[in-house]
Novice: 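Handing you a structure now.
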Amino acid sequence: MDDSLKSLGSKLIVLRGTPQNIFELLLKSYKFQNLFFEKDTEPYSQIRDLEIQKLCQIYDINMEKFLGHTLYDPEEIQKQNKGICPSSYGKFISIIEKMPKISECERDPKINELRTFPNIENLLEKVVGYKGNYDIPIIDELIDKEGHKIFEKPTHKLQGGEKKGLEILFRYLSDKKKTSLFEKPKTSPAAFNPASTTELSPYLKFGCVSIKKFYFELTKVLNECKGKVSQPPVSLLGQLFWREFFYTNSFLRKNFHQMKNNSSCKDINWHLNDSIENLNKNFSLDNEENQALQNFFAWKEGRTGYPWIDALMIQLKQEGWIHHLGRHSVACFLTRGDLYINWERGLEVFEELLLDADYALNAGNWLWLSGSSVFFSAYFRIYSPVTFGKKYDPDGNYIRKYIPVLKDFPKSFIYEPWKAPIDIQKKLKCVIGIDYPNRIVIHEVFSLNFK
DNA sequence: CCTAATGTTGACAGC
DNA sequence: CGCTGTCAACATTAG
């Protein structure tokens, strides 16, 4: 971004501190006229922006918000729907079909249209100790509570920035057939190098690639297609609208990320309703709750004994990204499918490990997959930890990549290694229960009990 | 070449 | 954006 700005005669300035403190220091020391920013809907951002707004009022500064992180303004959607938040995807689509067309992207700025404020760096040096270099946290600074480094090196093959993001977008869209016939359920959660979807989610989450840009480049390709084109909810455009749908719901429904005081969430008596930190401190957990805690860590660390689930959790940990349907698999397993653990625990793990972790989409999908959402009731649609992956990857190549200890298992046992005869396990130097864990839960039995 | 057994596929209901 | 069992239709193959 800095390179792009420099080529236009400007530059990027990064300051470290809380926005409230930094802005207060700045506004106190200089009479700025305007503050422009993007509308941001998650609770953290709403509180932050409200405080900055108060500062602007105190220092008499004009403040303007622009819609940019979503295609539609959730408040406009609500107005169009008689003040009600649309609770189903179909309803949402019918509303946006009646909305005015999305306005075109602004053109890119030309050279010298973006001016740098004169002497801004001197001012910043005096007021907030700015030293002219970037002040972005680097990997070495990311440490855990005991002071140990969390990462030695970047974990994901993707690189940040708009330039890289647009490269990926245009490469994907250049395959017009793949783009226009995209159907989410037909893309494979077991695909790697390359993945079966665009992998643009981290770029959208961090605003590297604008959703509007994505939308207009995509519709340009779709309009050129003469033959049949896939439709929402499964089409690529449909995926962008899922994002809008969850953003709208997360903004209009309070406490969207939790079970309590969330009008869109059913109250279910899960295991592990308390935070993991509190549960770890509590030594008097009864047997059932203690077992659930053990199960939770086995799930998080990819040692449930189900290769399909474990491979997904290992890819998540190693790369910070898994395919959407893989997320369905592990989320169903943790909650209504097998372990019956509170979906908030899963949301927290995704928040920690996903590069694209996004307040609205994370909460919306956990509500959905755990069967908690009042607007989704197909609780009997259980993902099998054995057959779901097999459908996409019968040879188990995905499992072989992420769980090397299983890589030589014949394909007949790769999804269910506990079924391999013991002499085969010994020959492959991978005895189940020793070299790879036994199943922590018998899926068939749980499903039966659930009925 | 026919026949019967066996395998494959897709639609569908019920959970 | 589920799984399983059932059934019918059709394909394949052994004898």
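What you see below is based on every heavy atom in this structure, not just the backbone, and it leaves out hydrogens, waters and symmetry mates. Reminder, nothing fancy here: chain letters follow the sequence lines and each chain counts from 1.
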Novice: May I have the distance from A/Asp338 (atom CG) to C/dG2 (atom P), rounded to whole angstrom?
Specialist: 16 Å
Novice: Do A/Trp368 and A/Phe246 touch side chain to side chain, with heavy atoms closer than 4.5 Å?
Specialist: yes
Novice: Looking only at atom P, what distance separates C/dC1 and B/dG10, rounded to whole Å?
Specialist: 16 Å
Novice: What contact category does A/Trp368 fall into here, base, sugar-phosphate, or nothing, at under 4.0 angstrom with non-hydrogen atoms?
Specialist: nothing
Novice: With a 4.0 Å cutoff (strictly under), does any side-chain N or O of A/Thr387 reach OP1 or OP2 of C/dC3?
Specialist: yes
Novice: Can you measure A/Arg327 atom CZ to C/dG2 atom C1' for me and round it to whole angstrom units?
Specialist: 20 Å
Novice: Looking only at the side chain of A/Arg381 (C-beta and beyond, no hydrogens), which of the listed nucleotides C/dC1, C/dG2, C/dC3 gets closest?
Specialist: C/dG2
Novice: Checking A/Asp274 side chain against A/Asn278 main chain: does a donor-acceptor pair fall under 3.5 Å?
Specialist: no
Novice: Which parts of residues 307-317 of chain A get close to DNA chain C, meaning a heavy atom less than 4.0 angstrom away?
Specialist: none
Novice: Look at A/Lys391 and C/dG2 and indicate whether a side-chain polar atom (N or O) is within less than 4.0 Å of OP1 or OP2.
Specialist: no
Novice: Nearest whole angstrom, please: distance from the C1' of C/dC1 to the NE2 of A/His328.
Specialist: 6 Å
Novice: Check the distance between C/dC1's P and A/Phe241's CZ and give it to me in whole angstrom.
Specialist: 19 Å
Novice: Any side-chain to backbone donor/acceptor pair from A/Asn81 onto A/Gly83? Under 3.5 Å, distance only.
Specialist: no
Novice: Starting at atom CG of A/Leu361, determine the distance to atom P of C/dC1, rounded to an integer number of angstrom.
Specialist: 20 Å
Novice: Using whole Å, report how far NE2 of A/His324 lies from P of C/dG2.
Specialist: 11 Å
Novice: Whole angstrom is fine here: how far is it from NE2 in A/His443 over to P in C/dT4?
Specialist: 7 Å
Novice: Just by modelled atom types, is the A/Ser264 backbone N or O under 3.5 Å from a matching donor or acceptor in the A/Asn262 side chain?
Specialist: yes
Novice: Using atom CD of A/Gln231 as one end and atom P of C/dC1 as the other, report the distance to the nearest whole Å.
Specialist: 14 Å
Novice: Is there a side-chain contact between A/Lys186 and A/Val234 (heavy atoms, below 4.5 Å)?
Specialist: no
Novice: Just by modelled atom types, is the A/Thr197 backbone N or O under 3.5 Å from a matching donor or acceptor in the A/Tyr172 side chain?
Specialist: no
Novice: Using only atom types and a distance under 3.5 Å, with no angle test, would you say the side chain of A/Glu162 pairs donor to acceptor with the backbone of A/Val209?
Specialist: no
